[in-house]
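Below is one structure; the comments refer to it alone.
In what follows, chains are A, B, ... by sequence order, proteins preceding strands, each numbered from 1.
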Number of protein chains: 2
Amino acid sequence: MLNNKNLKVLIVDDDDEFLQDLRHHLQKEKYQVYTAASGKEALVTARKENPQLIILDINMPEMDGVEVCRHIRENPELSNTIVCFFTNCNENYTQIAAFEAGGDDYITKPLKPEVHLSRLRAILKRIDPDSHVPITIIGDITIDREKFLIIIKDEKIELPRKEFELLELLCSKPGRVFSRDEILNSIWNKDFTVIHRTIDVHISKLREKIGEKYIKTVKGIGYKFEG
Amino acid sequence: MLNNKNLKVLIVDDDDEFLQDLRHHLQKEKYQVYTAASGKEALVTARKENPQLIILDINMPEMDGVEVCRHIRENPELSNTIVCFFTNCNENYTQIAAFEAGGDDYITKPLKPEVHLSRLRAILKRIDPDSHVPITIIGDITIDREKFLIIIKDEKIELPRKEFELLELLCSKPGRVFSRDEILNSIWNKDFTVIHRTIDVHISKLREKIGEKYIKTVKGIGYKFEG
DNA sequence: TTACCTGTTAACAATTGTTTAATCATACAC
DNA sequence: GTGTATGATTAAACAATTGTTAACAGGTAA
């Protein structure tokens, strides 16, 4: 059903485990995935394959991600390639450097890439609106990322982006408790200017729309989805 | 099932027995464990392996834990490493020095490391929310740390944080008697403003929820769990 | 422009958890 | 038995956390 063969993604990271893990997830959704373990290799592959999206680790030996990005931006043939940085580093100057070098997006690198899969899907969707994203069914809830709506017992419900993302996150691991920090990290992406209580409001609105029974509060810890 | 290979933990302690004991417990949960017997060795290993968590004994000859921590904090590559101190010492000035040196957590060193396993798990969970924590099954009680609930004979019971922690502690060694001091130390972390009676109240509420038969009182000593 | 929708925040209400203190029960020594 | 020490139980005070509402800013479309 999924067919995203026309979308080429290049992942660049010197951490092989992370690389293979992310490759696996994206290949499952039929994207055409290329990998590179160093900045040099990345530039060679980028020139050869002309991918629509490059996911770049910032901290690499020899040539770091920011440097790679600069080279890409100098190459007119790669002018409309989207560059998305991944980094372990919290320091802001890195983030600024990343944008100055022409990066398009910046994601704090999670230990497990699947945490940000939905974020990457959104980027890929922006590049190619026709790309196919999977539909998830948990119990009597269906999440349709294509149409950006959820279906509960044949009833279609449209959700605003944040509420949708919130539900999607909780549903990514039913039963598992997500802390407020995790939620902020994943959906608001380290934007610590946003206050914690914002989450509560969105949870409240979500419950109002989809019913009380799905999202449970675990006091002092966070929220979880129960299917 | 457990796979926490992506999480590197460095334990630093000159007491070899404690070191090996804690190493064993963490390795059982598949964390990637490194050890060091001195401050110098710790810094070398830390630079080489870049662990996400360093567990540091404060009282060591030559270079003490606080000193090691200072060096770690000066190294930008180790900037987002979590440092957790372990110490025999009750004296407050040490604790203050530890935080001033950039420590993230401070645990009074127990005689057996397993007493603080759950605390360490919580820290590791904070670092990597997707890290797997074990599900414990003792007799007809199942403790699911992932979903934050316990199951007794197919019945799910949600417990408030302190009650959950209390049960978890007692269950960590069924049959073993935990003194009030140990319990306070582990769950309330040396917060001596809390009165001993508090434990009784929580025990009482726990028994009310999970039934009488599991938690036994050992007069004059403390409490134990019987499976 | 106006109207509408989303996301955010602040304020207040409601709920739940924790601790204290007072009272009750029991075991054991004398 | 009586008294003392210890633990159990309960209620109430207190603290922390979460839920809800309303107000507002910013964006977007008619």
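- At whole-Å resolution of the value, NZ in B:K209 and C1' in C:dT18 are 11 Å apart.
- Between the CD atom of A:E163 and the P atom of C:dT6 there is a distance of 8 Å, rounded to whole Å.
- Between the side chains of B:T136 and B:R145, at least one donor-acceptor pair of N or O atoms lies under 3.5 Å.
- Note: CG (A:L206) to P (D:dG19) measures 12 Å, nearest angstrom.
- A salt bridge links B:E226 with B:K224; the closest basic N to acidic carboxylate O contact falls under 4.0 Å.
- Ring geometry for A:F18 versus A:F86: interplanar angle over 60°, hence perpendicular rather than tilted (30 to 60°).
- Here the C1' atom of nucleotide C:dT9 and the NZ atom of A:K162 are 15 Å apart, to the nearest Å.
- A salt bridge does not link A:E163 with A:K205: every distance from a Lys NZ or Arg NE/NH1/NH2 to an Asp or Glu carboxylate oxygen is 4.0 Å or more.
- Spacing between atom CD of B:E158 and atom C1' of D:dT18 amounts to 15 Å, rounded to whole angstrom units.
- Distances shown here put a side-chain N or O of A:W188 below 4.0 Å from the OP1 or OP2 atom of C:dT8.
- Residue A:K216 contributes atom NZ, which lies 16 Å from atom C1' of C:dT16 at whole-angstrom precision.
- Checking A:Y214 against A:R207 by side-chain atom types alone, no donor-acceptor pair falls below 3.5 Å.
- Rounding to whole angstrom units, CZ of residue B:R161 and C1' of C:dT18 are separated by 12 Å.
- The CD1-C1' distance, from A:I187 to C:dG7, rounds to 13 Å in whole Å.
- Residues forming a side-chain contact (heavy atoms from CB on, under 4.5 Å) with B:S131 (at least two apart in sequence, or on another chain): B:N4, B:L7, B:Y31, B:K125, B:D128.
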What nitrogen or oxygen pairs link the protein and nucleotides 5-10 of chain D at under 3.5 Å?
{"from": "D:dG7", "atom 1": "OP1", "to": "B:G220", "atom 2": "N", "distance (Å)": "3.0"}
{"from": "D:dA8", "atom 1": "OP1", "to": "B:R207", "atom 2": "NH2", "distance (Å)": "2.6"}
{"from": "D:dA8", "atom 1": "OP1", "to": "B:T217", "atom 2": "OG1", "distance (Å)": "2.5"}
{"from": "D:dA8", "atom 1": "OP2", "to": "B:Y223", "atom 2": "OH", "distance (Å)": "2.7"}

